[in-house]
Amino acid sequence: LVQQYAYPWALACRPDGTLVAAMGTSCVELDSSLRVVGEPGKPLGEGGLASFAIGMALTPGGTVILKPAQGRDLWRTVPGATAPQKIPTGMEVVTAPIAALPDGSVILVDPVARKAYRLAQGKKRAEVPLFATSYEYIAWLAAAPDGTLWVYDHVLRAFRIMTAEGAVAD
């Protein structure tokens, strides 16, 4: 497995125990015996986007959001769909942490500009106030099943639990 797929950049687990791994040049789904049982986003690689899975987020409904190593778009792979859907972001995504909310929207963080955005299908990009101070650096975030965001600040070396609207939840 390691020789064929390199190493994981991001991992998530489906409710049935299937592991989804973003491997840079591929994204694979692995069963409990670590056999490849799916390849979300495979058409992206076949279409010439070499490093389409440098980051990844998974919704509770099974949608995989892929972050490529270059460009300004994320990609949504919906279970049963034949082709990934482009999610325009309006910014370079390579350094942007991402999280997928239960409603299918995506939180995207620009750590340099210190801005966070919520991207929802059919809606304009909305800014979300996740940065508490001007010195904060959000290096990582994840969405919980209840829709809260777990935000890790590298400078403060601390987690904060936030709502999807940017309020402190805990």
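Treat the numbers as computed from the prediction; the structure is a model and nothing was measured. All heavy atoms count here, side chains included; hydrogens, waters and symmetry mates do not.
Listed by chain and residue number, S105, K123 satisfy the side chain to side chain contact (heavy atoms under 4.5 Å, CB included) test with A120 (two or more places apart in sequence, or in another chain). Under the rule for a salt bridge (charged side-chain N to carboxylate O under 4.0 Å, His left out), R125 has no partner lying at least two apart in sequence or in another chain. Applying the side chain to side chain contact (heavy atoms under 4.5 Å, CB included) rule to T95 yields the partners P111; only residues at least two apart in sequence or on another chain are considered. By the side chain to side chain contact (heavy atoms under 4.5 Å, CB included) test, T133 is found to be paired with Y135, E136, residues two or more places apart in sequence or in another chain being considered. Remark: R72 pairs with no residue by the side chain to side chain donor-acceptor pair (under 3.5 Å) rule, at least two apart or across chains. Scanning for side chain to side chain contact (heavy atoms under 4.5 Å, CB included) contacts around Q85 gives R76, V78, Q121, with sequence neighbours left out. For R35, the salt bridge (charged side-chain N to carboxylate O under 4.0 Å, His left out) test picks out D31, with sequence neighbours left out.
Of all non-hydrogen atoms in P40 and T77, the two that sit nearest each other are CB-OG1, 3.7 Å. Shortest non-hydrogen contact noted between L108 and A96 is CD1-CB, 3.5 Å. Nearest heavy-atom pair across G147 and P102 is CA-CD, 3.7 Å. For the residue pair P129 and E165, the shortest heavy atom distance occurs at CD-O, 3.4 Å.
Between L44 and W75 there is a side-chain heavy-atom pair separated by less than 4.5 Å. Residues L30 and V37 are not in side-chain contact: their nearest non-hydrogen atoms beyond the backbone lie 4.5 Å or more apart. Looking at W9 and M23, their side chains never come closer than 4.5 Å, going by heavy atoms from C-beta outward. You'll find the side chain of L11 stays beyond 4.5 Å of the side chain of V20, heavy atoms only.
Counting Ile, Leu, Val, Met, Phe, Trp and Tyr side chains that sit under 4.5 Å apart, directly or through other members, F159 shares a hydrophobic cluster with W140, W150, Y152, I161. The other members of the hydrophobic cluster of L149, by chain and number, are L101, I107, V109, V128, L130, F131, I138, L141, V151, M162, V168 (side-chain heavy atoms under 4.5 Å, ILVMFWY only). Counting Ile, Leu, Val, Met, Phe, Trp and Tyr side chains that sit under 4.5 Å apart, directly or through other members, V155 shares a hydrophobic cluster with Y137.
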Distance-only donor-acceptor hits, side chain of residues 50-66, under 3.5 Å, sequence neighbours excluded:
from, atom 1, to, atom 2, distance (Å)
T59, OG1, G61, N, 3.4
T59, OG1, G62, N, 3.4
T59, OG1, T63, N, 3.0

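Counting only residues at least two apart or on different chains, no salt bridge (charged side-chain N to carboxylate O under 4.0 Å, His left out) pair has a member in residues 137-157.
A salt bridge does not link R118 to E127: none of the charged side-chain nitrogens sits closer than 4.0 Å to a carboxylate oxygen.
Separation of atoms OG (S26) and NZ (K42) is listed at 10.0 Å; rounding is to 0.5 Å. Separating the CD atom in E29 from the OG1 atom in T18 is a distance of 6.5 Å, to the nearest 0.5 Å. Remark: I98 CD1 to K67 NZ distance equals 6.0 Å, nearest 0.5 Å.
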